[in-house]
Visitor: 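One structure is given below, represented as structure tokens, and several questions about it will come after.
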Amino acid sequence: MPDFSKILLTVDFDRTLTATDATIPERNIEAIRYFMENGGAFTVNTGRSYVSFQRFLDIVPCNAPLILMNGSAGYENGQFVDVQYLPVEVWPTAQKVAQQFPGVNMEFQNPDMHYLVSPSENYAAYYRESGFPHELADPAIHPG
């Protein structure tokens, strides 16, 4: 039997662990289980927030902390173990970007909410259909 006990394997989620149709092929799940059964530590690293990844928690086996939000949050045993926030004034920056680039889709995430600024109809529809917690936000007014 192989010994993977000195290996931490991290895999991107969308279109790496998943197929192009957003399903997770069973062979990928089987490979992860084999790796972990032979001592390996496995986790997912993704740009997704917790709210957009949580439906996969019971599907993807992991035995190391999840790396979420492009590396700015760690999640393990049902709780965040580390969250690093941007060291900028987000809403004044968003206001400047909205003024400079009218019509651009902007999204800001925290661990439990996505804030959409001036989303196009397609972008807003994606969020309505996804079921992710989200709010429309005006960068001139900090949303709560």
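Below, each value reflects all heavy atoms present in this structure, side chains not excepted, and no hydrogens, waters or symmetry copies.
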Visitor: Would Asn122 and Ser120 count as having a side-chain donor-acceptor pair, cut-off 3.5 Å?
Guide: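 Per modelled atom types, Asn122 and Ser120 side chains form no pair under 3.5 Å.
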Visitor: Going through the checks in order, is the side chain to side chain contact (heavy atoms under 4.5 Å, CB included) test met by Thr10 and Ile67?
Guide: CA-CA 9 Å; Thr10 69; Ile67 303 166; 4.3 Å; yes
Visitor: Would you say the side chain of Leu17 lies within less than 4.5 Å of the side chain of Asp12, judging by non-hydrogen atoms?
Guide: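 No, too far: nothing below the 4.5 Å cut-off.
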Visitor: Is Ser49 reaching over with its side chain to a backbone N or O of Gln109, donor-acceptor style, under 3.5 angstrom?
Guide: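 Answer holds: no.
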Visitor: Please report the interatomic distance CZ(Phe108) to CG(Asn110), rounded to the nearest 0.5 Å.
Guide: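 Interatomic distance, Phe108 CZ to Asn110 CG, rounded to 0.5 Å: 12.0 Å.
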Visitor: With hydrophobic residues grouped by side-chain heavy-atom distances under 4.5 Å, do Tyr50 and Tyr85 end up in a single group?
Guide: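 Tyr50 clusters together with Tyr85.
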Visitor: Could you check Thr18 against Thr16 for side chain to side chain contact (heavy atoms under 4.5 Å, CB included), going step by step and ending with a plain yes or no?
Guide: CA-CA 5 Å; Thr18 67; Thr16 302; over 6 Å; no
Visitor: Between the side chain of Thr46 and the main-chain N/O of Arg48, is any donor-acceptor distance below 3.5 Å?
Guide: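 Yes; at least one donor-acceptor contact below 3.5 Å.
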Visitor: What residues, two or more places apart in sequence or in another chain, satisfy ring-ring contact (aromatic ring centres under 6.0 Å, His included) together with Phe56?
Guide: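 Testing Phe56 for ring-ring contact (aromatic ring centres under 6.0 Å, His included), a comparison that skips the adjacent residues, returns Phe13, Phe53.
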Visitor: Mind checking the CD-CG spacing from Glu76 to Asp82? Nearest 0.5 Å is all I need.
Guide: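 Between Glu76 CD and Asp82 CG, I get 11.5 Å after rounding to 0.5 Å.
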Visitor: Any heavy-atom pair between the side chains of Cys62 and Val60 that's under 4.5 Å?
Guide: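 Val60 vs Cys62: side chains touch.
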Visitor: Please lay out, stage by stage, how Met106 and Val104 fare under the test side chain to side chain contact (heavy atoms under 4.5 Å, CB included).
Guide: CA-CA 6 Å; Met106 283 188 280; Val104 70; 4.1 Å; yes
Visitor: Between CZ of Phe80 and CG of Leu66, what distance do you get to the nearest 0.5 Å?
Guide: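 CG of Leu66 is found 9.5 Å from CZ of Phe80.
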Visitor: Using ring-ring contact (aromatic ring centres under 6.0 Å, His included) as the criterion, list what pairs up with Tyr127, not counting sequence neighbours.
Guide: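 For Tyr127 the ring-ring contact (aromatic ring centres under 6.0 Å, His included) partners, ignoring immediate neighbours, are His114, Tyr123, Phe132, His134.
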Visitor: Taking only residues two or more places apart in sequence, or in another chain, which ones meet Phe42 in a ring-ring contact (aromatic ring centres under 6.0 Å, His included)?
Guide: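 ring-ring contact (aromatic ring centres under 6.0 Å, His included) check on Phe42 returns nothing, list empty.
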Visitor: Answer with yes or no whether the hydrophobic clustering places Val81 together with Leu8; edges join I, L, V, M, F, W, Y residues whose side-chain heavy atoms lie under 4.5 Å apart.
Guide: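 No, Val81 and Leu8 fall in different hydrophobic clusters.
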Visitor: Restricting to non-hydrogen atoms, name the atom on Asn38 and the atom on Met1 that form the minimum distance, rounded to 0.1 Å.
Guide: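 Minimum heavy-atom separation between Asn38 and Met1: OD1-CE, 3.3 Å.
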Visitor: Within a strict 4.5 Å, meaning less than it, do heavy atoms of the Val11 and Asn45 side chains meet?
Guide: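 The answer is no, as the side chains (C-beta and beyond) never meet within the 4.5 Å cut-off.
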Visitor: How many angstroms lie between CD1 in Ile59 and CD1 in Ile32, if you round to the nearest 0.5 Å?
Guide: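 Answer for the CD1-CD1 pair, Ile59 versus Ile32, is 11.5 Å.
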Visitor: Is a side-chain donor-acceptor pair under 3.5 Å present for Asn70 with Ser72?
Guide: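 Short answer, no.
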Visitor: Decide yes or no on side chain to side chain contact (heavy atoms under 4.5 Å, CB included) for Ile24 and Ile29, but give the supporting numbers first.
Guide: CA-CA 7 Å; Ile24 303 171; Ile29 301 297; 3.6 Å; yes
Visitor: Taking all atoms of both residues into account, what is the closest heavy-atom pair of Ala73 and Met69, and its distance?
Guide: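 Answer, listing the atom of Ala73 first, then Met69: CB-SD, 4.1 Å.
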Visitor: Between the side chains of Glu26 and Asn28, does any donor sit under 3.5 Å from an acceptor?
Guide: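 Side-chain D/A pair, Glu26 to Asn28: absent.
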Visitor: Salt bridge (Lys or Arg N to Asp or Glu O under 4.0 Å) between Lys96 and Glu89: does it pass, once the steps are laid out?
Guide: CA-CA 11 Å; Lys96 289 176 187 175; Glu89 293 294 326; over 6 Å; no
Visitor: How many angstroms lie between atom CG of Leu9 and atom CE of Met36, to the nearest 0.5 angstrom?
Guide: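 Reported value, rounded in 0.5 Å steps: 11.0 Å.
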Visitor: So, do Val83 and Tyr75 sit near enough that their side-chain heavy atoms are less than 4.5 Å apart?
Guide: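 No, side chains not in contact.
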Visitor: Determine the minimum heavy-atom distance between Thr23 and Pro25, stating which atoms define it.
Guide: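 Taking every non-hydrogen atom into account, O-CD, 3.5 Å.
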Visitor: Under a 4.5 Å side-chain heavy-atom rule over Ile, Leu, Val, Met, Phe, Trp and Tyr, are Val51 and Val90 clustered together?
Guide: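 No, it is not one cluster - the side chains of Val51 and Val90 are not joined through contacts under 4.5 Å.
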Visitor: Is there a side-chain contact between Phe35 and Ile7 in this structure, where contact means two heavy atoms from C-beta onward sitting under 4.5 Å apart?
Guide: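 Side-chain contact under 4.5 Å: yes.
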